[in-house]
Amino acid sequence: MAPRAAPAIPVTDLPALIAETRARLREGQQQLRANYERNGVAAPLLHGRARLVDQVLRDVWRRMAMPADIALVAVGGYGRGELYPASDVDLLLLVPQGCDATHHPRLEPLIGLFWDIGLDVGHSVRNIAECLEESERDITVQTTLIEARLLCGNRALFNEFNARFHAHLDPLAFFKAKQLEQAERYTRYNDTPYSLEPNCKESPGGLRDLQIILWIARAAHLGDSWRDLAQTVLVTAEEARQLSRAESFLRHLRIRLHHTVGRREDRLSFEHQESLAKNFGIERTEAKRASEVLMQRYYRNAKLVTQLNALVLQNLNARLAPALAAAPIVIDQHFQMVRDLLDIRTETLFEDEPLAILESFLLMARRPELHGMTGRTLRALWQVRHRCGGALRRHPQAPALFIQLFKEKRGLTHELRRMNQYDILGQYLPAFGRIVGQMQHDLFHVYTVDQHILQVVRNVRRFAMPDFAHEYPFCTRLMSGLEHPWVLYVAALFHDIAKGRGGDHSHLGMADARRFCRLHNITGEDAELVVFLVSQHLTMSQVAQKQDLADPQVIHDFARIVGTERRLTALYLLTVADIRGTSPKVWNTWKGKLLEDLFRSTAQLLRGDAPLQMAGVGERQEEARRMLRLRGLRPNVEQPLWQQLDTGYFLRHDADEIAWHTRTLYYRSDSPEPVVRARINPSGDGIQVMIYVADQPELFARICGFFARLGYSIAEAKVHTTRHGYALDSFALLDPGEHQAYRDLIGLVEHDLAEGLKTQLPLEAPPPVRLSRQVKHFPIVPEVVIRPDERGNQHIMSIAAADRPGLLYAIARILSQHAIVIRSAKIATLGERVEDTFLISGEELGKMATLVHLEQELLQALQV
């Protein structure tokens with residue numbers, strides 16, 4: 001017969017209990033925080049909060065007079081006896097088999113009371129059979145139950161659960177499930193610890209990577225601490241110390257993050273990084289913000305954690321599955337294969353033969369049957385990682401081995417990442433070692449410099465692999481015809497290697513690339529190509545996105561820079577790979593079209609053919625006429641409209657655009673009503689909009705305001721005024737959020753914009769400034785430069801600023817107030833930063849005083 005519970009606390013006393021307990025928790029947690037801030041030791045805070053919650057829950061359980069046949073069990077991190085300042089409290093209410101519904105009326109008020117006293121509770125109500133069944137089905141439940149700890153209630157029931165659960169637990173199956181879970185978790189975080197806002201708990205290199213080791217060790221009865229693992233020879237004493245130090249850093253980081261934010265938050269977001277650095281006592285340096293110093297420390301710690309995680313998991317696998325071990329297959333005098341893993345034949349191989357380090361990565365690339373390295377191989381790499389660089393760089397055979405890795409048909413990206421993971425790449429190339437874990441606060445890179453570089457190498461490499469030809473078929477076709485493609489991989493490795501040194505990283509990187517080529521026997525045109533690509537890797541993007549590709553002089557000047565088709569092809573491929581490697585949000589097909597147009601026009605010029613930009617007006621008109629005839633229009637229908645268009649129009653629009661405009665307007669060139677037509681951009685991304693209307697004041701600003709209200713970005717604008725006073729403007733639009741199908745937008749734009757131009761309402765005030773989190777914490781200083789063009793007839797205005805909705809509208813309003821006409825606009829959006837280029841004209845531009853005033857107005861509008 002179960003013991004009889006004491007009478008429950010009267011309902012009228014609950015408010016007093018809640019108030020008393022909330023105060024007790026608040027005061028206890030404040031004292032724990034004060035002690036932590038005074039002595040800086042993490043363990044007393046983590047264990048102290050768990051003990052505080054233990055006492056509170058036991059007291060509530062007793063005062064609520066809960067039935068004596070059920071048990072209250074702490075699980076998960078709380079079961080482990082650790083609670084971070086804002087962590088939730090995971091509980092299991094363990095009930096007897098066949099428990100009837102009479103218990104549940106008692107349980108529901110209890111859970112509600114836990115929330116009322118200020119605890120974030122995660123709870124489940126199960127009997128033993130349900131616990132075993134659920135843990136079999138869900139590895140997360142199984143993991144939380146491994147750390148189950150009785151708080152109060154039926155001890156016999158808990159002991160039975162504990163015995164049956166551990167008897168039911170298969171350590172090897174648990175190990176395999178946790179490996180799969182870790183792989184899925186890594187995928188959720190893009191398989192990298194090096195995002196600029198990592199999650200210190202869940203990201204690769206975070207606390208989870210350490211916890212998984214101890215969970216598996218506990219399931220296999222190998223220990224509960226790093227000291228226990230050292231005693232079972234799963235890790236060395238030094239590795240145990242490193243694991244403990246890495247865990248300590250992450251504990252402090254998460255504690256201070258919770259204190260800083262005041263709630264549960266594990267993402268190291270931009271708005272908290274500077275405060276965290278201050279909490280750690282980190283000061284800014286001449287070259288880096290305090291937050292950058294903190295994050296570089298975090299990334300190095302994360303790299304150490306992932307290294308040790310891989311090493312210890314391999315050792316655990318060998319311990320848990322010894323029966324699967326097969327006889328080694330000898331590869332050469334240094335290496336053998338053990339269960340599809342590369343294994344060193346002697347423990348001191350890398351100490352005795354440093355060249356074997358490079359040989360190991362080359363073997364991994366050459367032999368697809370190798371799926372990784374054994375635990376002892378990883379340990380040997382880890383142990384020599386900080387003292388192998390000099391010996392490797394001095395070895396006469398090392399350069400040839402390293403370059404051979406770039407020439408292999410497969411495995412380059414994986415092995416460079418593996419070399420970086422174990423600090424070998426930075427040891428062999430000290431310039432690369434300096435940018436490991438270095439942040440980039442340019443608001444469009446989302447990875448650290450080293451990870452961005454390896455991402456670009458991966459992108460270029462994929463251009464050469466048939467399996468990925470469907471992604472960028474044009475790039476794949478170009479890559480297949482490129483002589484010595486491995487040279488491009490070397491350039492990709494060096495293109496950003498000089499970042500963070502101050503000055504122009506493209507210029508500084510040239511010296512590193514040139515020295516590398518000399519030491520690695522890369523000579524002649526190959527060496528010149530590497531140095532050229534490093535020095536010019538930003539040029540093609542800048543020309544394509546900021547200059548007028550319809551101008552023959554732009555194509556001619558760019559062709560003079562690249563010089564040869566091989567250089568042009570390599571630069572184009574590197575540029576596409578580089579933009580794609582910054583952030584998933586930066587690349588779009590519009591940028592792809594600009595780059596491809598520039599490539600094709602320049603290639604024609606380098607071959608001796610005249611590109612379309614250099615064709616005369618007659619040739620363009622003839623091509624447009626041919627397109628019109630294909631559409632069934634009779635000869636000469638275009639003449640009334642074309643007589644009103646000057647040479648500039650025909651030079652700045654291609655034949656397809658001219659034909660589209662003509663089909664729409666040939667029968668209404670004197671239309672009294674605005675004509676607005678839209679179509680899907682021929683490149684497939686965004687829409688093109690044509691506006692034809694009798695010219696009116698503030699027209700460009702009115703159009704920009706309309707698009708801003710829709711939430712669409714203007715990628716390009718071409719503005720033209722006909723001889724008889726009509727505006728013929730064309731815009732390329734993109735939806736930055738991809739919220740609406742472009743076809744659905746066409747009808748809306750055509751109707752609503754025409755109505756707005758017809759009514760000519762006064763311009764509205766620009767929308768309120770709404771900034772992204774990144775811009776708030778890493779502001780961009782706006783820049784405005786206005787200078788005459790080379791011919792002196794018009795002016796070029798360059799603007800750099802933080803992107804925001806309605807930015808172009810705000811600029812257009814100011815220009816219209818000064819009677820300045822925008823002739824064309826090129827809009828380059830780089831993450832959170834815009835770099836726009838305008839061709840403008842107006843009387844005030846020739847007056848120095850008004851020009852200075854205009855620049856000041858624009859800067860004030862751009863300031864955020």
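Residues take their numbers from the sequence shown, with the count starting at 1.
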Judged by atom type as modelled, is there a donor-acceptor pair below 3.5 Å linking the side chain of [X] to the main-chain atoms of [Y]?
X	Y	value
Ser135	Cys131	yes
Arg267	Glu197	no
Lys303	Gly205	no
Arg410	Ala365	yes
His452	Gly581	yes
His371	Asp340	no

Nearest 0.5 Å, please: how far is [atom2] in [Y] from [atom1] in [X]?
X	Y	atom1	atom2	value
Leu276	Thr260	CG	OG1	4.5 Å
Ile139	Lys178	CD1	NZ	5.0 Å
Gln451	Leu196	CD	CG	11.0 Å
Leu378	Tyr422	CG	OH	4.0 Å
Asp170	Lys176	CG	NZ	8.5 Å

Salt bridge (charged side-chain N to carboxylate O under 4.0 Å, His left out) against [X], all qualifying residues, sequence neighbours excluded:
X	result
Arg254	Asp266
Glu136	none
Arg385	Asp423
Glu351	Arg387

Lys/Arg cation over aromatic Phe161: Arg126, 6.0 Å, 45° cone: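 Judged by the rule (NZ or CZ under 6.0 Å from the ring centre, within 45° of its axis), Arg126 is not positioned above Phe161.
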Phe361 six-ring centre to Arg418 NZ/CZ under 6.0 Å and within 45° of normal: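 Checked: cation-pi criterion not met.
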Testing the basics here: between [X] and [Y], what is the closest heavy-atom pair and its distance to 0.1 Å?
X	Y	result
Ala219	Phe174	CB-CD2, 3.6 Å
Trp61	Pro67	CZ2-O, 4.2 Å
Val457	Ala492	CG2-CB, 3.8 Å
Leu308	Ile213	O-CD1, 4.4 Å
Leu304	Ala246	CD2-CB, 4.2 Å
Ile255	Ala42	CD1-CB, 3.7 Å

Full working for ring pair (Phe, Tyr, Trp, His ring centres under 6.0 Å) between Tyr36 and His252: CA-CA 10 Å; Tyr36 172 76; His252 285 296; 5.7 Å; yes
Other residues, nucleotides and ligands only: do more than 12 of their heavy atoms fall within 6.0 Å of [atom1] on [X]?
X	atom1	answer
Arg227	CZ	no
His414	NE2	no
Arg137	CZ	yes

Under the side-chain contact (heavy atoms from CB on, under 4.5 Å) test, residues paired with Arg218 that sit two or more places apart: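 For Arg218 the side-chain contact (heavy atoms from CB on, under 4.5 Å) partners, ignoring immediate neighbours, are Ile146, Glu147, Asp224.
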side-chain contact (heavy atoms from CB on, under 4.5 Å) involving Asp343 - partner list, sequence neighbours excluded: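 Expected list: Gln336, Val338, Thr374, Arg376, Thr377.
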Residue of the set Ile357, Leu392, Leu355 for which side-chain contact (heavy atoms from CB on, under 4.5 Å) holds with Leu401: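 Output: one option passes, namely Leu355.
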Does the pair [X]/[Y] count as a salt bridge with the N-to-O cut at 4.0 Å?
X	Y	value
Arg185	Glu181	no
Arg379	Glu347	no
Arg367	Glu359	no
Arg188	Glu184	no

Evaluation steps, ring pair (Phe, Tyr, Trp, His ring centres under 6.0 Å), between Phe406 and Phe402: CA-CA 7 Å; Phe406 289 80; Phe402 188 68; 5.3 Å; yes
Note, His334 side chain near Ile344 side chain (heavy atom, < 4.5 Å):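 The answer is no, as the side chains (C-beta and beyond) never meet within the 4.5 Å cut-off.
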Check against salt bridge (Lys or Arg N to Asp or Glu O under 4.0 Å), Glu415 and Arg461: CA-CA 13 Å; Glu415 297 319 307; Arg461 188 73 187 91; over 6 Å; no
Parallel, tilted or perpendicular: ring planes of Phe280 versus Phe249, cut at 30 and 60 degrees: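 Plane angle between 30° and 60°, so tilted.
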